[in-house]
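Please read the structure below before turning to the comments.
Residue numbers begin at 1 in each chain, while the letters A, B, ... track the order of the sequences. Below, all heavy atoms of this structure are taken into account, side chains as well, without hydrogens, waters or symmetry copies.
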Amino acid sequence: MLWSKLFIPTLRENPAEAEVVSHQLLLRAGYIRQLAAGIYSYLFLAQRSLLKITKIVREEMDAIGAQEMLLPALHPAELWRESGRYEIMGDNLFRLKDRFGRELCLGMTEEEVMTSIARGEMRSYKQLPQIWYQIQSKFRDEPRPKSGLLRVRQFIMKDAYSFDIDAAGLDVSYDKHYEAYCKIFDRCGLKYMVVEAHSGAMGGSQSHEFMVASDAGEDYVVRCSKCDYAANLEKAAAHPSAPLADDPEGDRSPEEFHTPGQKTIDDLSKFTKLPATSQIKSLVLMADGKPVLALVRGDHSLSETKFSSAVKAVEFRPAHPEEIVKLFGAEAGSLGPVGVKNMRVIADEALRGRRNMIAGANKDDHHLRHVTPDEDFNPEYFDLRQVAAGDACLKCGGAIELIKAVEIGHIFKLGYRYSESMGLRVLNEAGEEIKVIMGSYGIGVERILSAAIELYHDKDGMALPAAVAPFDVVVTPVNYSDAAQRSAAEEIYQSCLKLGLDAIFDDRDERPGVKFKDADLVGIPHRITLGKKLTTGMVEVVDRRTKASEDVDKEYAAAFVAAKIEPR
RNA sequence: CGGGGCGUGGCUCAGCCUGGUAGAGCGCCUGGUUCGGGACCAGGAGGCCGGUGGUUCGAAUCCACUCGCCCCGACCA
């Protein structure tokens, strides 16, 4: 293609609205333009990259026997009511009405539609297993779209669904996806981690996320510095750090003391001269309308995910101040577990075996010292605590680190959630009706591009892996009005095409600086530059990432570049 | 939804406090000189100052409302 004929609107300066690097570069390099908050147009360059990514995705999905389909994005609300997600998804689901007042919604994932197809046609175990997938736009009414293409309201997802006869079959389908995902992300040139994940609103048992470390990410990955343990923060477990002060010895009874105006853990640490690790933090939550008192060590934070699985709540929220006063007779700064009878009391494992700690007295401006779990109150123990950096790995004791990351893929064992609610059953060998077991598997296509940019960029722009770059190579005559350069460049460009390279010919009558800057910004992995050395038959081949330049005979330049690009 | 910031040619921004002719750099167009890392000279085009209402002789500027975008939080397969 001829650069002079293409629409590649590069910008010299970063648009003011872009904060994260991938967003800035996608705009500057002319890949995307914004239409509204969280809604973007993908221009020529972005579309080329995305097509390369989806091609890789297709090849690897097809390789595990998955069948590509294309389902509607517009769904009848009725279908979502069947699975129960019409209510669960709340405002995140785009909802609309047609001219007759029928309720519709835009798909955020397509378990319902896939399940409805399956239940209409599947009759026998002999038809299973099946893996169906599509690459299609998804819609989510995000409360806060952000970071360019990282969190948007319309995006392209590869979503796959597996249908199996039993749990062993699901394991096979799940493992196939696990491996296919690794191949996809490897081929896209990404550095990524696979972490244990929480299955969240999707339901189901096992789940893994594919994460790319990046400060632009919104998730935290907990990783052991020694072994291979890695998990999403929501799910991660670890040994807590030791308390900073030993518990006082002895079999003491709770003793009230006056703590005027001391409300936070911090206040109390200063006031009592005891570290936060000697305190019990008391949190009141309303879980499905019922109050629960959750206790964690003073320096720990409650993991909301772990809390909700511990109490098996569909919905929960922090209690309102009025509710707290009504239930405890005291305000939030002075709450504690001693004497609490009117609600469930759950405690984090880190409190088990501790003695003589500080807790609120359920009386404003008063606290208790010498509070001992299992003596002064009897909680149910759970892992409730959010893991923190510096904790010790459960597997090997190594130090835990926290890494910010972008989620690019997620695989779930759904189990029977949809087949049960929507009635997907087949007959087994014995002629008995059995539920089909399902899995679902997603990849965020734009996130692969964004993550690649976050991973590979420098001050001049993108340094994309060839697999996802819009072009493999750009042929750049330094002076286009020089007839010798022009014709030699044309020849090299044609040779590149013959070798199957995705080549672009920068035939613009621009100064060399402009052409070099644009090529760097756009992130084309290789550049063949024709300049003064052409008089001796030599051209330069420049590597975008390393900026290393090699002189090559013009006859071999195309083959030289082709050899550098991995076969695909 | 709570908190903060910002809306002025295509892009980055100044002007607003203290009301009176709408500006700069880059980009764009024409001509010329140039040609190895975003050239130079000359000429030129391009702006309902986000919108509505108000105050005023007069509003980009002051006031009210409103819309949009970004960031933090809440939220989130």
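The aromatic rings of A:Tyr441 and A:Tyr174 lie tilted to each other, with the angle between the two planes from 30° to 60°. A:Tyr178 and A:Phe210 have perpendicular rings, their planes meeting at more than 60° on a 0 to 90° scale where under 30° would count as parallel. Note: A:Phe163 and A:Trp132 have tilted aromatic rings, judged against thresholds of 30 and 60 degrees for the angle between ring planes.
The environment of A:Tyr220 atom OH is sparse: at most 12 non-hydrogen atoms of other residues, nucleotides or ligands sit within 6.0 angstrom. In the displayed structure, A:Lys183 atom NZ is contacted under 6.0 Å by at most 12 heavy atoms of other residues, nucleotides or ligands. When the shell of 6.0 Å around CG of A:Asp215 is examined, it contains 12 or fewer heavy atoms from other residues, nucleotides or ligands.
Atoms CZ (A:Phe139) and C1' (B:C76) sit 18 Å apart, rounded to a whole Å. One atom, CG of A:Asp509, and another, C1' of B:G31, lie 15 Å apart when rounded to the nearest Å. When rounded to the nearest whole Å, the span between CD of A:Glu13 and C1' of B:U12 equals 4 Å. A:Gln24 has its CD atom 13 Å from the C1' atom of B:U12, to the nearest Å. Rounding to whole angstrom units, CG of residue A:Asp91 and C1' of B:A74 are separated by 13 Å. In this structure, CG of A:Asp141 is placed 12 Å from C1' of B:C75, rounded to the nearest angstrom. Rounding to whole angstrom units, CZ of residue A:Arg144 and P of B:C70 are separated by 9 Å. Regarding A:Leu27, its CG atom lies at a distance of 9 Å from the P atom of B:U12, rounded to whole Å.
Applying the salt bridge (charged side-chain N to carboxylate O under 4.0 Å, His left out) rule to pairs touching residues 144-155 of chain A yields A:Asp141-A:Arg153, A:Glu142-A:Arg151, A:Lys146-A:Glu218, A:Arg151-A:Glu218, sequence neighbours excluded.
If you check B:C70, B:C75, B:C35 against the side chain of A:Tyr40, the one that comes closest is B:C70. Checking B:U12, B:C35, B:C69 against the side-chain heavy atoms of A:Gln34 singles out B:C69 as nearest. Side-chain proximity of A:Glu19 to B:C70, B:C75, B:C13: nearest is B:C70.
Within residues 69-78 of chain A, no residue is approached by RNA chain B to less than 4.0 Å at the level of any non-hydrogen atom.
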Check the pair A:Arg545 / A:Asp543 against salt bridge (charged side-chain N to carboxylate O under 4.0 Å, His left out), numbers first and verdict last. CA-CA 6 Å; A:Arg545 240 181 237 181; A:Asp543 183 286; over 6 Å; no
Please report the C-alpha distance between A:Tyr86 and A:Leu93 in whole Å, then the side-chain angles of each, then the deciding distance to 0.1 Å, and finally whether the side chain to side chain contact (heavy atoms under 4.5 Å, CB included) criterion is met. CA-CA 8 Å; A:Tyr86 198 73; A:Leu93 186 64; 3.8 Å; yes
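A:Thr305 comes within contact range of no nucleotide atom at all, as no heavy-atom separation falls under 4.0 Å. Within 4.0 Å (heavy atoms only), A:Pro477 reaches no atom of the nucleic acid at all. When heavy atoms are screened at a 4.0 angstrom cut-off, A:Ala18 is found touching no nucleic acid atom at all. Counting non-hydrogen atoms under 4.0 angstrom, A:Pro143 reaches a base of the nucleic acid. Across all strands shown, A:Glu142 has no heavy atoms under 4.0 Å from either base or sugar-phosphate atoms. Within the nucleic acid shown, A:Glu304 comes within 4.0 Å of sugar-phosphate atoms alone, with no base atom in reach, counting heavy atoms only.
A distance of about 14 Å separates the C1' atoms of B:A14 and B:U61, rounded to the whole Å. For the P atom pair drawn from B:A24 and B:C70, the interatomic distance equals 30 Å after rounding to whole Å. For B:C40 and B:G25, the P atoms lie 12 Å apart once the distance is rounded to whole Å. Taking the C1' atoms as reference points, B:C67 lies 14 Å from B:G53, given to the whole Å. B:U55 and B:G47: their C1' atoms are spaced 26 Å apart (whole Å). As rounded to the nearest Å, B:C48 and B:U52 have P atoms that lie 12 Å from one another. B:U56 and B:U18 are spaced 16 Å apart, taking the C1' atom of each and rounding to whole Å. For the P atoms, the distance linking B:G50 with B:A42 amounts to 33 Å, nearest Å.
The pairing partner recorded for B:C69 is B:G5, the criterion being a Watson-Crick or G-U wobble arrangement whose two distances lie under 3.5 angstrom. Under the Watson-Crick or G-U wobble criterion, with both distances below 3.5 Å, B:C40 is paired with B:G32. A 3.5 Å limit on both hydrogen-bonding distances identifies no Watson-Crick or G-U partner for B:A45. Nucleotide B:U21 forms no Watson-Crick or G-U wobble pair with any nucleotide shown, as no partner meets the under 3.5 Å limit on both distances. The partner of B:A64, taking Watson-Crick or G-U wobble pairs whose two distances both stay under 3.5 Å, is B:U52. With a cut-off of 3.5 Å on both pairing distances, B:A59 has no Watson-Crick or G-U wobble partner at all. Searching all strands for a Watson-Crick or G-U wobble partner of B:C76 with both distances below 3.5 Å returns nothing.
With hydrogens and angles left out, the side-chain atoms of A:Asp506 and A:Thr476 include no donor and acceptor closer than 3.5 Å.
Contact record, A:Asn92 with A:Pro143: OD1-CD, 3.6 Å, taken as the closest heavy-atom pair.
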Per-nucleotide protein contact along nucleotides 36-49 of chain B, 5' to 3', at a 4.0 Å heavy-atom cut-off (B base, S sugar-phosphate only, - neither), is BBBB----------
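For A:Arg151 and B:C76, a side-chain-to-base donor-acceptor distance below 3.5 Å is present, hydrogens and geometry of angles not being considered.
For A:Gly148 and A:Glu209, each mapped to the nucleotide of RNA chain B holding its nearest heavy atom, the one lying further toward the 5' end belongs to A:Gly148.
Between A:Tyr40 and A:His23, the distance from one ring center to the other falls under 6.0 angstrom. A:Tyr161 and A:Phe412 have their aromatic ring centers separated by at least 6.0 angstrom.
In this structure, B:U21 shows a glycosidic angle within 90 degrees of zero, which is the syn conformation.
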